[in-house]
*Asks:* 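Take a look at the following structure, please.
Heads up: numbering here begins at 1 and tracks the sequence.
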Amino acid sequence: MNAPVSGDVTLSVIVAAKDAETLIEDCLTSVLPQLRPGDDIVVIDDRSCDATAEICARLGVRLLLNSHAPGPYGARNLGAALATTTALVFFDTRCRALDGWLESHRDALRDADRPVISYSDIEVEQTPDIAAAIARHLNPFSARTYAHAGFYPACNLGIDREFFWRAGGFEEIRGGADVGLCSRATDLGVAFAVDPATRVVWHPRERFAELREQYRRYGTSSFRQRRRCAPLLVLDTAIFLVLRALGTAIGPPSSRSSLRARLGAGLIQADFEVAVLRAAASDAAAALRRTA
């Protein structure tokens, strides 16, 4: 790593990877040209069984085996623990950085009046697969989707390294730990700085079944993050499940999605809502077993 420019923000790009041989090269080659002196990039490998390590070696990117805690958030915490830069930028193997992406994070983290969590808009890559058409209709990582959610996804998240640890880092769970990190960071006075320009393209899953499983995980993690208000959450989910599925299928007025993509998106949203209810039922059953 070269010496940084005096007084500037230096960034560690942290990429959590597992069996990512079909994704990792496009991800890394989109980031490498954007690094400046003092910046760093590291891949934390979660025990891949494919050629992920060999591709990183060929590209000259440092790769570390995740010996900390399994899963993407354990890997991200390990990368953050090893970083020596001013700030951290978490990136996903399915993401492709467009020109200006890293500078957008740097500018936000340097120029704000108070500490910030930085994010930029993401659009879904257009591929011929039906799963991709559904994902483009859902637009899961659009900045607009999270404007009032109180958090932004870890696939494209920048934060000052000191504040990351003051907020406790990521909870080491399978999904949804970005919610908790953002909540704790904002409690410490950290603000959001969102670049509305599209700086990242996200490569969607190729199969409909994989997309459904992704949203089921989101539903489960959504319940776990909000279990303190479980009765209201379950009531809200049960009442509005069908309406949310229909609303997702219809989409915004500007949507030009095909009928097939709309129907698939509605089903995906229903999967999400049902996963919330199943997680609630599992949680209730576990509570009953503990009191029995």
*Asks:* If you apply the rule side chain to side chain contact (heavy atoms under 4.5 Å, CB included), what do you find for R94 with R205, and how did you get there?
*Replies:* CA-CA 9 Å; R94 290 188 174 274; R205 286 161 174 80; 3.5 Å; yes

*Asks:* Using modelled atom types only, decide if a donor and an acceptor are shared between the side chain of Q34 and the backbone of L98 within a distance under 3.5 Å.
*Replies:*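 Flag set: sc Q34 to bb L98 pair under 3.5 Å.
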
*Asks:* Do the non-hydrogen side-chain atoms of S120 and W101 ever get within less than 4.5 Å of each other?
*Replies:* yes

*Asks:* Would a 4.5 Å heavy-atom cut-off, applied to side chains only, mark V42 and V61 as touching?
*Replies:* no

*Asks:* If you group Ile, Leu, Val, Met, Phe, Trp and Tyr by side-chain heavy-atom gaps below 4.5 Å, do L59 and I24 land in one group?
*Replies:* yes

*Asks:* Same cluster for F90 and Y146 if Ile/Leu/Val/Met/Phe/Trp/Tyr side chains link at under 4.5 Å?
*Replies:*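 Yes, one cluster joins them.
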
*Asks:* Heavy-atom distance under 4.5 Å between the side chains of L28 and V43, does that happen here?
*Replies:* yes

*Asks:* Set out, in order, the CA-CA distance, both residues' side-chain angles and the distance that settles ring pair (Phe, Tyr, Trp, His ring centres under 6.0 Å) for F192 and Y119, then state yes or no.
*Replies:* CA-CA 8 Å; F192 293 117; Y119 190 79; 9.1 Å; no

*Asks:* Can any side-chain N or O of S142 pair as donor or acceptor with the backbone N or O of N139 at less than 3.5 Å?
*Replies:* no

*Asks:* Just verifying a value: how many Å separate T127 OG1 and R136 CZ, rounded to the nearest 0.5 Å?
*Replies:*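 The OG1 atom of T127 sits 8.5 Å away from the CZ atom of R136.
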
*Asks:* Using the rule given for salt bridge (charged side-chain N to carboxylate O under 4.0 Å, His left out), can you reason through R62 versus D40, listing the C-alpha separation, both sets of side-chain angles and the distance that settles it, and then say yes or no?
*Replies:* CA-CA 9 Å; R62 184 166 55 125; D40 192 16; 2.6 Å; yes

*Asks:* Provide the closest heavy-atom pair for C182 versus L157 in the form atom of the first, atom of the second, distance.
*Replies:*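 Smallest heavy-atom distance, with atoms named: SG-CD2, 4.4 Å.
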
*Asks:* So which heavy atom on T93 is nearest to which on A17, and how close?
*Replies:* CG2-CB, 3.8 Å

*Asks:* Are more than 12 heavy atoms from other residues, nucleotides or ligands located less than 6.0 Å from atom CG of D99?
*Replies:* no

*Asks:* If every non-hydrogen atom of V234 is compared with every non-hydrogen atom of A280, which pair is closest and at what distance?
*Replies:*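 Closest heavy-atom pair between V234 and A280: CG2-CB, 3.4 Å.
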
*Asks:* Can you tell me how far apart CG (L138) and CD (Q269) are? Round to the nearest 0.5 Å.
*Replies:*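 Those atoms lie 7.5 Å apart.
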
*Asks:* Supply the atom-to-atom distance F91 CZ to R96 CZ, rounded to the nearest 0.5 angstrom.
*Replies:*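 That separation rounds to 8.0 Å.
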
*Asks:* Please identify which of these residues, R216, R278, R244, meets the salt bridge (Lys or Arg N to Asp or Glu O under 4.0 Å) condition with E273.
*Replies:* R244

*Asks:* Check whether any side-chain heavy atom of S282 sits under 4.5 Å from a side-chain heavy atom of F223, and report yes or no.
*Replies:*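 S282 vs F223: side chains apart.
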
*Asks:* Should we say atom CZ of R207 is surrounded by more than 12 heavy atoms from elsewhere, each under 6.0 Å from it?
*Replies:*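 Result for CZ/R207: open.
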
*Asks:* When you group the ILVMFWY residues by side-chain heavy-atom contacts below 4.5 Å and let the links chain together, are L235 and F240 in the same group?
*Replies:*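 Yes, because F240 and L235 connect within a single hydrophobic cluster, where side-chain heavy atoms sit under 4.5 Å apart.
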
*Asks:* What are the two closest heavy atoms between S30 and A97, and how far apart are they?
*Replies:* OG-N, 2.9 Å

*Asks:* Ignoring hydrogens, what is the shortest heavy-atom contact between Q214 and F141? Give both atom names and the distance.
*Replies:* NE2-CZ, 4.2 Å

*Asks:* Less than 4.5 Å apart, side chain to side chain, heavy atoms only: is that true for L102 and D39?
*Replies:*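 Yes. Closest side-chain heavy atoms under 4.5 Å.
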
*Asks:* How long is the gap from CG on D45 to SG on C56, to the nearest 0.5 Å?
*Replies:* 7.5 Å

*Asks:* Is a side-chain N or O of D160 found less than 3.5 angstrom from the main chain of E162, in a donor-acceptor match?
*Replies:*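 Yes; at least one donor-acceptor contact below 3.5 Å.
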
*Asks:* Is there a chain of hydrophobic side chains (I, L, V, M, F, W, Y, each step under 4.5 Å between heavy atoms) that links W165 to F163?
*Replies:*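 Linked, W165 and F163 end up in one cluster.
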
*Asks:* State whether a side-chain donor-acceptor pair under 3.5 Å links N77 with E172.
*Replies:* yes

*Asks:* State, with a plain yes or no, whether a side-chain heavy atom of R114 is found less than 4.5 Å away from one of V190.
*Replies:* no

*Asks:* Counting distance only, does the side-chain N/O of S183 pair as donor-acceptor with the main-chain N or O of V179 below 3.5 Å?
*Replies:*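 Not at all, since once roles are kept as given, no pair shorter than 3.5 Å links the two residues.
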
*Asks:* Yes or no on side-chain hydrogen bond (donor to acceptor under 3.5 Å, both in side chains) for T85 and S12, after CA distance, side-chain angles and deciding distance?
*Replies:* CA-CA 6 Å; T85 53; S12 283; 2.7 Å; yes

*Asks:* Applying side chain to side chain contact (heavy atoms under 4.5 Å, CB included) to L32 and I41, what does each step give before you reach the verdict?
*Replies:* CA-CA 8 Å; L32 287 169; I41 183 169; 4.0 Å; yes

*Asks:* Side chains of R106 and L11: does their closest heavy-atom pair fall under 4.5 Å?
*Replies:*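 In short, these two side chains touch, coming nearer than 4.5 Å.
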
*Asks:* Is it true that a side-chain atom of D46 and a backbone atom of P70 form a donor plus acceptor pair closer than 3.5 Å?
*Replies:*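 Pair absent, no side-chain N/O of D46 close to backbone of P70.
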
*Asks:* Please evaluate residues R58 and E25 with respect to the criterion salt bridge (charged side-chain N to carboxylate O under 4.0 Å, His left out), reporting the C-alpha separation (whole Å), side-chain torsions for both, the decisive distance (0.1 Å), and the verdict.
*Replies:* CA-CA 10 Å; R58 175 163 52 79; E25 183 163 0; 3.0 Å; yes

*Asks:* Run R199 and D121 through salt bridge (charged side-chain N to carboxylate O under 4.0 Å, His left out) and show every step you take.
*Replies:* CA-CA 6 Å; R199 304 289 186 186; D121 204 19; over 6 Å; no

*Asks:* Could you go step by step and tell me if T52 and L63 meet the side chain to side chain contact (heavy atoms under 4.5 Å, CB included) rule?
*Replies:* CA-CA 9 Å; T52 296; L63 179 140; 4.2 Å; yes

*Asks:* Linking I/L/V/M/F/W/Y whenever their side-chain heavy atoms sit closer than 4.5 Å, directly or via other members, would L88 and L64 fall into one cluster?
*Replies:* yes

*Asks:* Checking side-chain polar atoms at under 3.5 Å, does D195 have a donor or acceptor matched by the opposite partner on H105?
*Replies:* no

*Asks:* Does the side chain of T10 come within less than 4.5 Å of R36's, by heavy atoms?
*Replies:* no

*Asks:* Give me the atom names and distance for the closest heavy-atom approach of A20 to S48.
*Replies:* N-OG, 4.5 Å

*Asks:* Working to the nearest 0.5 Å, report the span between CG of L267 and CZ of R262.
*Replies:* 16.0 Å

*Asks:* Ring-plane angle category for F272 and Y215, please: parallel below 30°, perpendicular beyond 60°, tilted otherwise.
*Replies:*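 Plane angle over 60°, so perpendicular.
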
*Asks:* To the nearest 0.5 Å, what is the distance between CD1 on I122 and CG on N156?
*Replies:*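 One gets 4.5 Å once the value is rounded to the nearest 0.5 Å.
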
*Asks:* Go through the steps to decide whether I134 and I268 satisfy the test side chain to side chain contact (heavy atoms under 4.5 Å, CB included), and finish with yes or no.
*Replies:* CA-CA 9 Å; I134 293 170; I268 293 289; 4.1 Å; yes

*Asks:* Test your reading of the model: is there a side-chain donor-acceptor pair from T237 to the backbone of L233, 3.5 Å cut-off?
*Replies:* yes

*Asks:* Centre of F164's six-membered ring, under 6.0 Å away, within 45 degrees of the axis: is that where NZ or CZ of R161 sits?
*Replies:*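 Here R161 fails the 6.0 Å and 45° test against F164.
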
*Asks:* Taking CD in E206 as the centre, count heavy atoms belonging to other residues, nucleotides or ligands within less than 6.0 Å. Is the count above 12?
*Replies:*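 Yes, because the 6.0 Å sphere around CD of E206 holds more than 12 heavy atoms from other groups.
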
*Asks:* Should D107 and R110 be marked as a salt bridge (charged side-chain N to carboxylate O under 4.0 Å, His left out) after you check the CA-CA gap, both sets of side-chain angles, and the distance that decides it?
*Replies:* CA-CA 5 Å; D107 291 345; R110 178 185 56 219; 2.5 Å; yes

